[in-house]
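All figures in this text were calculated on a predicted structure; none of them were measured in a lab. Note that ligands are numbered from 1 as they come in the structure, with each ligand's atoms numbered from 1 the same way.
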Amino acid sequence: MYRAPRGMQDILPDDQPEWHYLLDRCADIAKRYGYRRIDTPIVESTDVFLRGVGETTDVVEKEMYTFLDKGENSLTLRPEFTAAICRAYLEHGMASWPQPVRLYSIGPLFRYDRPQAGRYRQFHQFNVEAIGEADPTVDAEVIDMAGLLYEELGIPRTSLLVNSIGDEACRPSYVAALRDYFARHLGDLCADCRGRLERNPLRLLDCKNSVCQRIGDDAPRSVDWLCDACASHFATLSRYLDRLGRPWQVDHRLVRGLDYYTRTVFEYQPHDVGGQSTIGGGGRYDGLIAQLGGRPTPGIGFATGLERILLNLKKAGFEAPPPARPVAYVVAIGEETAADAVALAATLRRRGIPTAGPVGGRGVKGQMRQANASGARYAVILGPDELAAGEAQLKPLQGGEPRMVPLWRIADALTADT
Ligand SMILES: [Zn+2]
Ligand SMILES: [Zn+2]
């Protein structure tokens with residue numbers, strides 16, 4: 001027996017209504033904020049993520065699906081959207097479009113991670129990027145869009161956590177202060193953190209080890225190290241967020257896992273945490289486009305895991321809209337009517353009427369059972385007598401009297417009733 005690869009799952013027909021409900025809500029929100037859809041390939045040159053995401057991140061060090069294709073090119077299944085979308089921004093000269101360029105994506109991503117509740121190796125995200133504008137109005141816009149999405153989906157009680165981690169002017173001195181601080185606690189740190197201290201001390205702030213977390217609580221705070229420009233950006237954003245009326249708080253330990261973030265970082269956390277504490281987040285990446293070979297170009301983005309949203313929706317008692325049912329189920333009586341029944345079903349579908357059946361080689365009883373099980377509103381029954389009269393029997397399956405309808409009028413009769 002074959003099974004789906006570990007950490008990857010099928011989205012079965014019964015799960016599709018919830019799934020598509022979610023995709024539609026995301027696309028609708030994006031449209032309302034003026035974001036246009038972009039789809040990039042599932043794989044990128046590995047360099048895009050090495051340079052974009054950062055070589056010392058967990059994603060790049062441990063979690064990427066990287067392989068050589070038959071031309072010996074190193075490709076990687078995308079572990080996130082942002083670097084790939086910035087690559088597309090550069091490749092297609094979007095710097096000459098009106099800025100910021102507002103883009104969104106929905107699709108699968110891949111990380112070789114330990115599977116757990118709501119976390120998969122193939123997972124899906126709704127992702128937005130606003131590229132080409134440094135002003136904090138755009139930060140507020142993206143943060144607000146994310147909040148509205150959760151609100152409209154009915155995910156109750158999320159906390160909005162925000163931090164500013166500075167830029168290339170002020171971050172080096174902050175990172176140095178952080179390194180000094182953690183070095184003084186070296187003996188108490190977990191092995192991961194001891195290994196990361198030299199290369200990437202920021203990452204120590206989001207270690208999940210409880211001892212590291214306690215040490216991190218008293219670590220230097222990035223907001224105390226911001227240069228004037230970063231401090232003013234953060235003060236302005238704070239004013240906008242207050243004005244939006246959405247409760248928020250500064251979280252000094254919030255740094256996000258990826259190297260490209262600058263200034264604003266944020267996360268939404270559901271209060272009712274089970275295994276996973278963050279439902280979505282993002283931040284500025286003002287240095288990323290330059291890192292990928294473009295002119296210095298600011299940007300900010302947000303991503304939210306769709307599996308995690310579904311998990312939270314189910315906890316909140318969300319029920320998907322009922323699955324689509326066929327309108328008609330065509331039943332053929334006797335083998336000699338089968339060809340006409342097949343043609344009739346095809347005609348109904350061409351007229352836009354969701355139609356199931358006929359299935360040959362079964363008796364009328366068996367076919368009627370299938371028609372009822374399909375949830376169709378009508379059985380369209382075609383036997384030798386009906387065929388000779390140029391008619392079919394239209395039988396309501398949820399109660400009502402059957403009637404005979406000329407074959408050429410069946411589509412109209414069904415349409416009139418849908
Ligand atoms: Zn640690
Ligand atoms: Zn700065």
Side-chain angles (χ1 to χ4, degrees), residues 54 56-63 113-114 116 119 133-140 162-241 250-267 275-278 282-291 295-301:
T56 63
T57 58
D58 277 357
V59 171
V60 168
E61 281 184 341
K62 304 177 194 161
E63 299 173 359
D113 200 354
R114 201 167 58 81
Q116 47 187 293
R119 176 180 283 186
E133 180 55 65
D135 193 81
T137 46
V138 187
D139 305 39
V162 184
N163 195 13
S164 176
I165 55 173
D167 59 5
E168 81 279 357
C170 52
R171 190 146 46 152
S173 49
Y174 171 60
V175 168
L178 210 51
R179 189 179 283 124
D180 285 351
Y181 170 81
F182 280 116
R184 291 201 297 275
H185 298 273
L186 192 62
D188 298 325
L189 296 173
C190 74
D192 272 355
C193 283
R194 283 198 297 268
R196 286 191 293 223
L197 179 59
E198 272 315 302
R199 289 176 301 154
N200 196 347
L202 271 181
R203 295 300 319 287
L204 274 63
L205 289 173
D206 60 17
C207 179
K208 300 288 178 264
N209 179 294
S210 60
V211 177
C212 297
Q213 284 193 344
R214 247 193 337 271
I215 297 170
D217 282 339
D218 296 323
R221 303 176 158 190
S222 57
V223 291
D224 298 330
W225 293 79
L226 299 179
C227 64
D228 288 349
C230 287
S232 140
H233 184 276
F234 190 51
T236 307
L237 173 62
S238 303
R239 221 168 62 236
Y240 294 163
L241 291 178
V250 179
D251 180 349
H252 298 289
R253 303 240 323 262
L254 179 64
V255 292
R256 306 281 294 160
L258 311 179
D259 278 359
Y260 53 59
Y261 287 115
T262 52
R263 294 189 171 170
T264 309
V265 288
F266 67 96
E267 282 185 1
Q276 285 306 321
S277 56
T278 298
R284 269 206 170 272
Y285 44 83
D286 293 345
L288 176 55
I289 297 265
Q291 193 89 23
R295 279 189 311 204
T297 308
I300 180 164

* To do: Compare all side-chain heavy atoms of R256 with those of N163 and state whether any distance is below 4.5 angstrom.
  => no
* Asked: Given atoms SG of C193 and SG of C207, what angle do they subtend at the Zn ion (ligand 1), to the nearest 10 degrees?
  -> 110°
* To do: Assess D228: does it contribute an N, O or S atom lying under 2.8 Å from the Zn ion (ligand 2)?
  => no
* To do: Determine, stepwise, if the pair R199 / E61 fulfils salt bridge (Lys or Arg N to Asp or Glu O under 4.0 Å).
  => CA-CA 13 Å; R199 289 176 301 154; E61 281 184 341; 2.5 Å; yes
* Would you say H233's side chain and A134's backbone share a donor-acceptor pair under 3.5 angstrom? -> yes
* To do: Give the name of the N/O/S atom in D167 that lies closest to the Zn ion (ligand 2).
  => OD1
* **side-chain contact (heavy atoms from CB on, under 4.5 Å), paired with V162, selected from V250, L241, D251, V265** => L241
* Given SG of C230 on one side and SG of C227 on the other, what angle do they make at the Zn ion (ligand 2), to 10°? -> 110°
